[in-house]
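We use all heavy atoms of the structure for the numbers below, so side chains are in, but hydrogens, waters and symmetry mates are not.
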Amino acid sequence: MRLSEMFGKTQREIPSEADTPSHQLLLRAGMIMQVAAGVYSYMPLGWRVLKKIENIIREEMDSAGGQELTMPVLQPVELWQQTGRDKSFGKGLFTLLDRRERTLVLGPTHEEVLTQMVSHHVQSYRDLPKLLYQIQTKFRDEPRPRGGLIRVREFIMKDLYSFDVDEAGLDVSYQKMVQAYKNIYARCALPALFVEADSGAIGGKDSHEFMLIADNGEDGVVCCEGCHYAANAEKAVSKKRKIGPEKPLPPEEVATPGMKTIEDVSSFLKVPKDHTLKAVFYVADGQVVFAMIRGDLDVNEVKLQRLLKCTDLHIATEDEVKAAGIAAGYASPMGLKNIKIVADDSMAEGINFVAGGNKPDVHIKNVNYPRDFKADIVADIAQVRDGDGCPRCDGTLKLMQGIEMGHVFKLGTFLSNALGAFFIDEKGNSQPIIMGCYGIGLGRLLAAVVEHYHDEKGIIWPLSVAPYQVYLCPLYREGSHVADVAEKLYEEMQSAGLEVLFDDREESPGVKFNDADLLGIPLRVTVSPRTLEKDSVEVKWRAEKQATLVPVAGVASRVKELIQSKK
RNA sequence: CGGGGUGUGGCGCAGUCCGGUUUAGCGCGCAUGGUUUGGGACCAUGAGGUCGGUGGUUCAAAUCCACUCACCCCGACCA
């Protein structure tokens with residue numbers, strides 16, 4: 001490709017709407033362009049990268065036994081009502097009316113359509129297992145698109161669904177996919193951390209995510225420094241610091257005027273935070289729930305939601321708290337009626353806690369469980385903190401940020417039951433097909449590569465996904481034969497099967513080098529009067545500082561060797 | 001949806017507080033001509049803007065008021 005003819009220009013200045021490195025660089029390099037919030041076009045360079053990623057994924061899916069197919073974006077809402085997932089997706093579902101006023105959804109994923117398809121084409125255990133996948137556009141009306149390509153509302157995703165006769169079969173499919181995913185990240189040169197994850201609204205047994213540790217990640221990742229334990233912060237558990245037990249003292253009211261927060265109470269009464277009880281009110285599917293936890297800890301809402309098995313969970317508003325007859329800031333589990341109490345197991349230790357007095361300006365000292373109050377549920381609902389103890393070994397947990405590059409999970413039979421996807425087993429009995437699903441967002445993966453591979457000058461593409469392999473960079477000067485040599489090299493390298501981006505523009509060296517660095521093409525070949533004096537060209541890896549001279553005569557084959565050696 | 005912020009040529013910004021010397025500027029980019037060519041060159045000339053939108057206040061609005069839209073960032077969703 002001649003740069004002079006290519007659609008898309010580089011930009012010198014950082015677009016003001018972008019503040020994640022991948023977003024800034026992809027915009028500046030002219031690889032993507034925003035159309036609306038969370039909606040992007042891919043320009044030729046960006047699209048080439050996306051296709052390379054797509055091919056890597058396709059190859060790995062195929063060699064793991066996957067069969068590719070395609071399904072419609074437009075789906076009848078009735079299909080979603082059958083599984084109830086229209087509700088669990090809620091507002092995230094893009095819907096529209098057709099001319100007959102029928103509601104259609106823009107598919108946010110394709111389990112429903114595919115399960116229905118499978119239910120028509122699988123009758124016997126002999127038809128299983130099957131691994132079916134698609135690479136196509138999905139739509140989700142995200143509450144907040146973010147970070148350029150990292151979180152968008154229209155995105156291309158590879159989704160594979162597995163269909164098995166039993167749990168053992170599902171385990172095999174799952175392992176195949178985990179391995180295929182590891183291969184994919186390895187081929188994209190990305191270090192992927194394999195972590196335990198929350199399986200979300202559908203439930204299911206196991207779930208794992210592949211995380212890229214990155215400052216701009218939107219997920220918390222917990223990882224043990226001593227063993228292999230690693231989990232999404234939503235799911236992670238830890239050994240909580242033991243405080244008690246202490247000898248129980250009799251409860252005692254104390255005046256705490258204006259002291260509403262744990263911080264206030266703790267410093268006012270000169271009691272450490274871990275000797276207080278924090279009360280947090282939630283509304284779970286319309287019902288007020290009282291979550292209680294030791295004052296030094298925070299509630300993990302995902303854990304709470306899973307525990308309550310509710311679809312909607314939010315912090316109660318002041319009005320909702322008031323309506324439930326609770327004194328905000330002074331709430332206590334003691335004497336509360338008709339409100340479900342969920343307590344973190346940290347408060348079950350015998351400690352003389354300070355808790356709210358259930359009336360303004362009063363707290364109660366020496367509150368102990370279960371002597372002074374009861375909880376409907378006692379379980380782990382705490383957020384893991386950096387430095388907590390590992391649940392598996394004696395190590396310490398580290399809390400980091402990560403980008404979710406892929407998610408695999410075991411769905412079980414929820415969907416096959418809802419959509420009637422059954423098979424006849426060896427004994428002639430009808431059984432629901434056991435499912436799993438495995439997704440990778442391609443644009444997100446592309447962004448993850450840039451997040452991981454860039455410097456202050458620009459992108460540094462790994463060879464496997466680079467839009468072009470070679471940046472041919474002639475520095476023209478009147479009276480030299482740089483132009484002729486460059487044209488000849490362009491032909492030769494292309495004939496040798498190399499992907500060459502030829503910067504044939506009449507620009508100054510600075511402009512060319514800076515664009516080469518910004519675009520991140522792995523290998524730069526510079527031809528100039530200076531190199532031609534030595535009958536050579538200069539060859540330099542984008543990722544390295546030094547350049548080497550290569551004789552003009554054998555450039556194409558030498559470059560080819562260099563590229564091969566890096567693969 | 002709650003909290004914060006921004007909308008001025010393709011991009012980055014100034015001007016807005018305190019309405020009128022502003023025919024709305026600057027830098028980058030773009031066009032034409034010339035001089036340049038190893039890390040974002042220089043000179044000259046030029047094109048390009050209903051100041052996000054609507055309504056209002058006023059003799060007069062980019063500037064004040066009201067409403068509205070879009071986008072970004074922080075929290076509830078997920079590849």
Side-chain angles (χ1 to χ4, degrees), chain A residues 9-20 23 27-28 30 33-39 57 88-93 108-109 135 137-160 181 197-201 207 209-212 216 218-219 232 234 282-283 301-302 304-305 311-315 317-318 403-409 437-448 457-458 473-480 482 505-518 524 526-531 538 540 547:
Chain A
K9 278 200 175 123
T10 57
Q11 276 173 230
R12 208 173 289 210
E13 318 225 29
I14 301 167
S16 61
E17 78 259 31
D19 56 16
T20 346
H23 192 194
L27 285 171
R28 285 221 292 137
M33 183 163 177
Q34 187 177 71
V35 174
V39 180
I57 293 173
S88 45
F89 265 97
K91 288 190 174 162
L93 213 53
T109 178
I135 300 174
T137 301
K138 314 220 174 189
F139 296 84
R140 292 181 195 172
D141 198 357
E142 293 290 338
R144 185 154 86 85
R146 183 183 333 195
L149 255 30
I150 290 175
R151 180 173 216 80
V152 293
R153 297 191 297 166
E154 171 176 339
F155 56 102
I156 301 172
M157 179 173 158
K158 186 286 304 177
D159 227 357
L160 183 142
Y181 273 41
D198 182 63
S199 49
S207 177
E209 289 165 333
F210 293 85
M211 292 285 188
L212 177 71
N216 292 294
E218 18 169 31
D219 286 277
N232 189 307
E234 291 176 343
Y282 288 93
V283 175
E301 294 183 13
V302 176
L304 183 59
Q305 181 163 8
T311 51
D312 176 66
L313 182 77
H314 62 265
I315 295 247
T317 62
E318 263 181 52
I403 297 171
E404 183 189 347
M405 299 190 293
H407 195 164
V408 295
F409 54 105
C437 82
Y438 317 85
I440 295 186
L442 307 214
R444 181 123 113 199
L445 187 53
L446 186 156
K457 287 289 202 175
C473 186
L475 304 179
Y476 300 120
R477 184 185 292 162
E478 197 107 352
S480 79
V482 166
R505 300 171 303 169
E506 303 248 352
E507 288 287 352
S508 67
V511 170
K512 291 187 168 194
F513 289 150
N514 279 296
D515 277 346
D517 288 346
L518 175 59
R524 189 181 77 194
T526 308
V527 190
S528 73
R530 191 195 287 183
T531 66
E538 179 194 273
K540 178 186 167 296

Could you check A:R140 against A:T20 and say which one's nearest nucleotide on RNA chain B is further toward the 5' end?
A:T20

Rounded distance in Å - CZ (A:R146) to P (B:C71):
16 Å

Rounded to whole Å, how long is the line connecting atom CD of A:E13 with atom C1' of B:A14?
14 Å

Please measure how far the P atom in B:A61 lies from the corresponding atom in B:G52, and state the result in whole Å.
15 Å

Can you find a pair of side-chain heavy atoms, one from A:V482 and one from A:L475, that are under 4.5 Å apart?
no

Walk along nucleotides 1-7 of chain B from 5' to 3' and tag each nucleotide B, S or - by protein heavy-atom contact under 4.0 Å, base first, then sugar-phosphate.
-------

Pairing partner (Watson-Crick or G-U wobble, both distances under 3.5 angstrom) of B:C51:
none

A:E301 CD - B:C78 P separation (whole Å)
13 Å

Between B:A79, B:C30, B:G12, which nucleotide gets closest to the side-chain atoms of A:S16?
B:G12

Once you apply a heavy-atom cut-off of 4.0 Å, does A:L445 come out as touching a base, just sugar-phosphate, or nothing?
nothing

Any A:Q34 side-chain N or O less than 4.0 Å from OP1/OP2 of B:A70
no

Can you find a pair of side-chain heavy atoms, one from A:M157 and one from A:R140, that are under 4.5 Å apart?
yes

Measure from CD on A:E17 to C1' on B:G52 and round the result to the nearest Å.
15 Å

Could you check whether A:G458 gets within reach of a base, just the sugar-phosphate, or nothing at all, counting any heavy atom under 4.0 Å?
nothing

Is the closest side-chain heavy-atom distance between A:R444 and A:I403 below 4.5 Å?
yes

Using the C1' atom as the reference point in each nucleotide, state the distance between B:A76 and B:G15 in Å, no decimals.
40 Å

Using atom CG of A:N216 as one end and atom P of B:C73 as the other, report the distance to the nearest whole Å.
11 Å

Regarding A:T20 and A:N216, do their side chains bring together a donor and an acceptor under 3.5 Å, going by distance alone?
no

Taking B:U16 as the reference, what is the distance to B:C64 when you measure between their C1' atoms (whole Å, please)?
10 Å

Check step by step if side chain to side chain contact (heavy atoms under 4.5 Å, CB included) holds for A:E154 and A:V152.
CA-CA 6 Å; A:E154 171 176 339; A:V152 293; 5.9 Å; no

For the residue pair A:M405 and A:M211, establish whether any side-chain heavy-atom pair is separated by less than 4.5 Å.
no

In whole Å, what separates the C1' atom of B:A62 from that of B:C73?
25 Å

Send over the distance from A:E209 CD to B:C78 P, rounded to a whole Å.
11 Å

Has the side chain of A:R444 got a donor or acceptor that lies under 3.5 Å from a partner of the other kind on the base of B:C78?
yes

Using purine N1 to pyrimidine N3 plus N6-O4 or O6-N4 for Watson-Crick, or N1-O2 and O6-N3 for G-U wobble, both under 3.5 Å, which nucleotide pairs with B:C1?
B:G75

Could you tell me whether A:E404 contacts a base, only the sugar-phosphate backbone, or nothing, with contacts defined as non-hydrogen atoms closer than 4.0 Å?
base

Using a 4.0 Å heavy-atom cut-off to protein, can you give one letter per nucleotide of nucleotides 34-48 of chain B, 5' to 3': B if the base is in contact, S if only the sugar-phosphate is, - if neither?
---BBBBS-------

What is the distance from atom CG of A:L212 to atom CG of A:D219, rounded to the nearest 0.5 Å?
11.5 Å

No-H, no-angle donor-acceptor pair, A:R151 side chain to B:C77 base, under 3.5 Å
yes

Between B:G48 and B:G4, how far apart are the two P atoms, rounded to whole Å?
41 Å

For B:A62, the nucleotide meeting Watson-Crick or G-U wobble distances (both under 3.5 Å) is none

Without decimals, in angstroms, what is the distance between A:F210 CZ and B:C78 C1'?
16 Å

Is there a Watson-Crick or G-U wobble partner for B:A14 with both distances under 3.5 Å, and which nucleotide is it?
none

Any-strand Watson-Crick or G-U partner of B:U36, both distances under 3.5 Å
none

Sugar-phosphate only, base, or nothing, as touched by A:D159 at under 4.0 Å among non-hydrogen atoms
nothing

Answer for the Watson-Crick or wobble partner of B:A31, both distances under 3.5 Å, is B:U45

May I ask you to say what A:P145 touches in the nucleic acid, namely base, sugar-phosphate or nothing, with a heavy-atom cut-off under 4.0 Å?
sugar-phosphate

Can you tell me how far CZ of A:R524 sits from NZ of A:K512, rounded to the nearest 0.5 angstrom?
11.5 Å

Between the CD atom in A:E142 and the CZ atom in A:R153, the distance rounded to the nearest 0.5 Å is 9.0 Å

Assign A:G92 to base, sugar-phosphate, or nothing according to its heavy-atom contacts below 4.0 angstrom with the strands shown.
nothing

When rounded to the nearest Å, what value does the distance between C1' atoms of B:C18 and B:G7 take?
22 Å

Pairing residues for A:R12 by the side-chain contact (heavy atoms from CB on, under 4.5 Å) criterion, not counting sequence neighbours:
none

Interatomic distance at P, B:G20 relative to B:C13, whole Å
24 Å

A:E234 CD to B:G75 C1': how many Å, rounded?
14 Å

Of A:A18 and A:L149, the one whose closest RNA chain B nucleotide lies more 5':
A:A18

Quantified in whole Å, what is the C1' atom distance between nucleotide B:A47 and nucleotide B:U32?
11 Å

Look only at the side chain of A:Y438 and the backbone of A:Y181, and say whether a donor-acceptor pair between them is shorter than 3.5 Å.
no

Polar side-chain contact A:D219-B:C78 base: donor and acceptor under 3.5 Å
yes

To the nearest 0.5 Å, what is the distance between OG1 on A:T10 and CG on A:N514?
9.0 Å

Phosphate-side-chain proximity, A:Q305 and B:C77, N/O vs OP1/OP2 below 4.0 Å:
yes

Flag side-chain contact, heavy atom, 4.5 Å: A:E507 against A:D515:
no

